[in-house]
Amino acid sequence: MTHAPAMEGLAEDSEPRHGPVKSPRPAELKRRGRRENLAGYLFMSPWIAGFLLLTAGPMVASLYFAFTDYNLFDAPQWIGLDNFSEMFGDPRWRHSVQVTLWYVVVGTPIKLIAALGVALLLAQKRRGQAFYRAAFYAPSLIGASVSVAIVWKAIFSDDAVVDRTQRLFGIDAGGWTGDPDLIIYSLVALTVWQFGAPMVIFLAGLKQVPRELYEAADVDGAGKLRQFWNITLPMISPVLFFNVLLETIHSFQIFSSAYIVGGGAGGNACGPADGTMVYTCYLYVQGFENSRMGLASAMAWMLLVAVALVTAVLFWSQKRWVHYEEGGR
């Protein structure tokens, strides 16, 4: 009881000399929030304008053109589902689907196997490791260019490097770019040559695998192959899933290399006897060479639906084979 006055004085001294701090009013907080939101939208406005004008707008327009007869010069005329019925009945369209699926099923796994194999080699400590990483990654930076496709076509043409190398081994198959059955293999070789990007991703995943797991496996007498199957693959399965998803989508979108290696214009725009008639190449032919933009728009939306379905299947399948660190799938 004798210390009560002192405590009261202490409480009085604890108050700020300029008075208690006033909390912002709700109206002021709302105005401040609106100013911050406005500033954010202003900074985002270039991206928003680009998305609306260059992505969303053309997508909506192509969806409308898919149901019209549009030739780029006259006004589009509504024809309903005629473009889709014509597309499904076109033998060249079915051939383009077959070529694309073959390219995806064959080219993507070979590319990923090559990327993973080189990543396993580069994950080991050795001299010049940085140089080798850069050298293997470089083709991914230039592989999609038109100039590389032109050089690639020259390499696989008649009496070129590949043709002469085949003759040394007694194989007289001629140039691949002139053979309808072999030209697609040159595209597969080109995409496999560009394994640098998935290789870097695999390499990053391999660096995250704990070394203690391999040490314990060595103690148990597990060989390298068993360690790879039971330790490496499960631990990098999220990275593997990412690469499979990304490279599958890219394979469906192949165009420039198929168009350039195939011929580039005219009747053989997609290779001799439509040997490189991938889906996007036939879409380009219909849209810009035949001036049938309505049919090309319908084909583009079918490609979008197909890629979406493949993506959904991959995401569904990951529950069975993708393992995460938390122990879930």
Side-chain angles (χ1 to χ4, degrees), residues 91-119 135-199 243-244 246-285 303 306-307 310:
R92 294 190 74 190
W93 179 85
R94 293 194 296 269
H95 175 71
S96 69
V97 172
Q98 294 175 358
V99 173
T100 304
L101 291 177
W102 188 94
Y103 176 82
V104 172
V105 172
V106 175
T108 301
I110 297 177
K111 181 178 182 179
L112 293 177
I113 291 173
L116 181 57
V118 176
F136 283 118
Y137 180 71
S140 294
L141 299 177
I142 62 176
S145 64
V146 175
S147 58
V148 171
I150 294 175
V151 173
W152 203 263
K153 179 181 179 181
I155 291 175
F156 284 87
S157 60
D158 293 336
D159 201 27
V161 176
V162 175
D163 190 11
R164 294 179 181 180
T165 304
Q166 292 177 152
R167 293 174 186 174
L168 295 177
F169 296 94
I171 303 174
D172 190 12
W176 292 18
T177 56
D179 192 329
D181 297 327
L182 294 178
I183 190 172
I184 189 64
Y185 291 98
S186 65
L187 296 182
V188 173
L190 179 57
T191 190
V192 173
W193 180 64
Q194 304 169 23
F195 65 81
M199 178 206 69
N243 273 333
V244 169
L246 206 62
E247 294 301 325
T248 300
I249 295 175
H250 286 170
S251 296
F252 274 104
Q253 296 174 337
I254 177 180
F255 170 71
S256 59
S257 57
Y259 186 73
I260 297 300
V261 174
N268 292 329
C270 298
D274 293 340
T276 59
M277 179 69 81
V278 293
Y279 195 92
T280 52
C281 190
Y282 190 46
L283 188 153
Y284 176 86
V285 169
L303 178 62
V307 172
V310 171

Taking the side chain as C-beta and beyond, is there a heavy-atom pair between Thr191 and Tyr103 under 4.5 Å? yes
For Pro198 and Asn243, work out which heavy atoms get closest and say how close. O-ND2, 3.4 Å
ring-ring contact (aromatic ring centres under 6.0 Å, His included) with Phe156: which residues, sequence neighbours excluded? Trp152, Trp176
Taking every heavy atom of Ala149 against every heavy atom of Ser257, the minimum-distance pair comes out as CB-CA, 4.2 Å
Please report the C-alpha distance between Phe252 and Leu101 in whole Å, then the side-chain angles of each, then the deciding distance to 0.1 Å, and finally whether the side-chain contact (heavy atoms from CB on, under 4.5 Å) criterion is met. CA-CA 8 Å; Phe252 274 104; Leu101 291 177; 4.1 Å; yes
Apply the side-chain hydrogen bond (donor to acceptor under 3.5 Å, both in side chains) test between Lys111 and each candidate in His250, Gln194, Glu247; give the one that qualifies. Glu247
Test side-chain contact (heavy atoms from CB on, under 4.5 Å) applied to Ser186 and Val261, step by step: CA-CA 8 Å; Ser186 65; Val261 174; 3.8 Å; yes
Which atom names give the shortest non-hydrogen contact between Val188 and Gly107, and what distance separates them? CG1-CA, 4.0 Å
Checking Arg167 now: which residues fulfil side-chain contact (heavy atoms from CB on, under 4.5 Å) with it, not counting sequence neighbours? Asp159, Asp163, Asp172
Check: Leu303 and Thr280 side chains under 4.5 Å, non-hydrogen atoms: yes
For Tyr279 and Trp93, run side-chain contact (heavy atoms from CB on, under 4.5 Å): C-alpha distance rounded to whole Å, both residues' side-chain angles, the deciding distance at 0.1 Å, then the answer. CA-CA 8 Å; Tyr279 195 92; Trp93 179 85; 3.2 Å; yes
Determine whether a donor-acceptor pair (N or O, by modelled atom type, separation under 3.5 Å) exists between the side chain of His95 and the backbone of Met277. no
Can you name the residues that form a ring-ring contact (aromatic ring centres under 6.0 Å, His included) with Tyr185, not counting sequence neighbours? Trp102
Rounded to the nearest 0.5 Å, how far apart are CG of Leu187 and CD1 of Ile260? 11.5 Å
Walk me through it: do Val99 and Thr276 pass the test side-chain contact (heavy atoms from CB on, under 4.5 Å)? CA-CA 7 Å; Val99 173; Thr276 59; over 6 Å; no
Do you see a donor-acceptor pair shorter than 3.5 Å between the side chains of Thr248 and Thr108? no
Any donor and acceptor pair, going by atom type alone, linking the side chain of Ser140 with main-chain N or O of Gly196 inside 3.5 Å? yes
Measure the CD1-CG distance between Ile184 and Asp179 for me, rounded to the nearest 0.5 Å. 12.0 Å
Taking the side chain as every heavy atom from C-beta outward, state whether Ile183 and Pro272 have any atom pair closer than 4.5 Å. yes
Contact summary for Val285 and Cys270, nearest pair of heavy atoms: CG2-SG, 4.0 Å
Main-chain N/O of Tyr282 paired to Ser96 side chain as donor or acceptor, under 3.5 Å: no
What pair of heavy atoms forms the shortest contact from Tyr259 to Cys281, and how long is it? CD1-SG, 4.0 Å
Could you grab the distance from atom CG of Asp158 to atom OG1 of Thr177, nearest 0.5 Å is fine? 6.0 Å
In short, Gln166 meets Gly174 closest at the heavy-atom pair NE2-O, 3.3 Å
